[in-house]
Amino acid sequence: RRQTEAYSRAVKHIDMQNKQEKKSLIEECAIVSPQGKPNAALLEVLKVLELLHDGTLNSIVAITQKKFLQTSPDGQRRERWELEEIMPEFRKKLMPHLDKLGMVDEIPPSKEKYDGVFMLGELVLGVRERLSYLSRLWEKGTRFDKIIFLGGERPLMDSGRETPKTLLDRNNKELPIREDWLPPNALPTTEFGMMKLVWDQAKLPQGLKEVKVEFVNAPLIYNPKTGRVDRPTTKDTIEKWLETNPREGKFLAISNNPYIGYQHSVLKTYLPRGFQVETVGPKAPLNLPLSFYLGEMARWLYQEKLRLFEP
């Protein structure tokens, strides 16, 4: 009997190790190989759209930047929430190929235990959606030692997306608010403060609220080329966090599609080698315009070019 119990424990241990070493889905969906060779699904997207290229990453980056990234009348690159629909007639043909690139469905974690979790910045609804997803992972058994909210001094939008009404909305569809939560005397005015507010007001499963939490506040960035002050990017928030001399380890990053591939590439570009990262998140909204997918594809390809060939 003792031998049987020992055997069972050994099998369980091996199964756990195999699960821990399973390759992450986002790595399996890589848009290019480590040598920069384009994924077959990417080539199909370019073929459907009849975009000319010579098969090299440089050529593909150039054409996708030109065709997929939108600019405002003053020549500035548009934010995701400012995009206009493009090429809607190609949606039906392109979605299966975008799905193969890991840009459509949920990307779940491959492990049960991580040293930490990065919560990537977003508008308030996106932050709530990502925290809700992390909550569901916790309920399924995923564990981690700390949560790092990667935020910054981006001013909250004064449109309907981040108004006081949105910040205080107890009927929001993304994340339930605690019944005993009371609004602060002054509402936040930046992404950093908004992320703290969302964490404080969130109704979360038992144990998750007790996990150690860190909040990163990256400053606004002065752009000497344009004379503008830009919001901090994921790169800026990572670099700000690294100033705290964090311990290396295995980290989970929470995003949502169709942004997972691009943000995974950013994290791999700027995190030192000792930090292993796996980016995951929920599926893309059902009727998300094609322009969001194509814009993220262009950003992802450009970031991979930086990561692989311009260290």
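Taking 4.0 Å as the cut-off between side-chain N and carboxylate O, Arg136 and Glu106 do not count as a salt-bridged pair. Using a 4.0 Å cut-off between charged nitrogen and carboxylate oxygen, Glu243 and Lys240 count as a salt-bridge pair.
Note on Leu49: it clusters hydrophobically with Trp300, by side-chain heavy-atom contacts below 4.5 Å among ILVMFWY residues. Note: the hydrophobic cluster containing Val229 does not contain Met157 (ILVMFWY, side chain heavy atoms under 4.5 Å, direct or indirect links). Transitive grouping of hydrophobic side chains (ILVMFWY, heavy atoms separated by less than 4.5 Å) brings Val127 and Trp138 into a common cluster. In the hydrophobic cluster analysis, where Ile, Leu, Val, Met, Phe, Trp and Tyr join through side-chain heavy atoms closer than 4.5 angstrom, Ile238 is grouped apart from Leu220.
Of all heavy-atom pairs between Met195 and Met119, the closest is CE-O, 3.6 Å. Phe251 and Val117 make their closest contact through CD2-N, 4.3 Å (heavy atoms, listed as atom of the first residue, atom of the second, distance). Smallest separation of non-hydrogen atoms from Leu242 and Tyr270: CD1-O, 3.6 Å. Smallest separation of non-hydrogen atoms from Ala284 and Leu288: CB-CD2, 4.5 Å. Contact between Val211 and Asp145 at its shortest, heavy atoms only, is CG1-O, 3.7 Å. Pairing each heavy atom of Ala30 with each of Asn39, the nearest pair is O-ND2, 3.0 Å.
Lys203 has its side chain within reach of Glu179: a pair of non-hydrogen atoms, C-beta onward, lies under 4.5 Å apart. Counting only heavy atoms from C-beta outward, the side chains of Gln276 and Leu271 never approach each other to under 4.5 Å. No side-chain heavy atom of Leu137 sits less than 4.5 Å from a side-chain heavy atom of Phe144. For the pair Leu120 and Leu150, the minimum side-chain heavy-atom distance is below 4.5 Å. Within the 4.5 Å cutoff, side-chain heavy atoms of Ile177 are placed close to those of Arg128. Looking at Tyr293 and Leu101, their side chains never come closer than 4.5 Å, going by heavy atoms from C-beta outward. Residues Phe275 and Pro246 meet the side-chain proximity criterion, which asks for heavy atoms closer than 4.5 Å. In this structure, Arg130 and Ser255 have side chains that are in contact, with non-hydrogen atoms separated by less than 4.5 Å.
Counting heavy atoms of neighbouring residues, nucleotides and ligands inside a 6.0 Å radius, atom NZ of Lys47 does not exceed 12 of them. The environment of NZ in Lys283 is sparse: at most 12 heavy-atom neighbours from other residues, nucleotides or ligands sit within 6.0 Å. No more than 12 heavy-atom neighbours from other residues, nucleotides or ligands sit within 6.0 angstrom of NZ on Lys196. Within 6.0 Å of atom CZ in Arg247, 12 or fewer heavy atoms from other residues, nucleotides or ligands are found, so the atom counts as exposed in its surroundings.
Looking at His264, Gln303, Glu304, Glu310 one by one, the single match for side chain to side chain donor-acceptor pair (under 3.5 Å) with Thr269 turns out to be Gln303.
Put simply, the side chain of Asn223 never gets that close to the backbone of Arg228: no donor and acceptor are under 3.5 Å apart. At least one donor-acceptor pair closer than 3.5 Å links the side chain of Glu191 to the backbone N or O of Glu122. Between the side chain of Lys209 and the main chain of Trp199, a donor-acceptor pair closer than 3.5 Å is present. Distance alone, capped at 3.5 Å, places no donor-acceptor pair between the Ser265 side chain and the Tyr262 backbone.
Counted by atom type alone, Thr234 and Thr237 present zero donor-acceptor pairs between their side chains at under 3.5 Å. Inspection of the Thr233 and Asp236 side chains reveals an N or O donor paired with an N or O acceptor under 3.5 Å. A donor-acceptor contact under 3.5 angstrom links the side chains of Asp54 and Thr56, judged on distance only.
The OG atom of Ser110 sits 8.5 Å away from the CG atom of Leu252 when rounded to the nearest 0.5 Å. The CG atom of Leu175 lies 6.0 Å from the CG atom of Leu204; values are rounded to the nearest 0.5 Å. Note: Asn172 CG to Glu129 CD = 11.0 Å, rounded to the nearest 0.5 Å. The distance from the CG atom of Leu57 to the NZ atom of Lys305 is 7.0 Å, given to the nearest 0.5 Å. Once rounded to the nearest 0.5 Å, the distance linking CZ of Phe149 with CG of Leu131 reads 5.0 Å. Considering CD of Glu139 and CG of Leu208, their distance stands at 9.0 Å, rounded to 0.5 Å.
Classified by interplanar angle (parallel below 30°, tilted 30° to 60°, perpendicular above 60°), the ring pair Phe215/Phe192 is perpendicular.
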*Show your working on side chain to side chain donor-acceptor pair (under 3.5 Å) between Ser135 and Ser132 and close with a plain yes or no.*
CA-CA 5 Å; Ser135 175; Ser132 176; over 6 Å; no

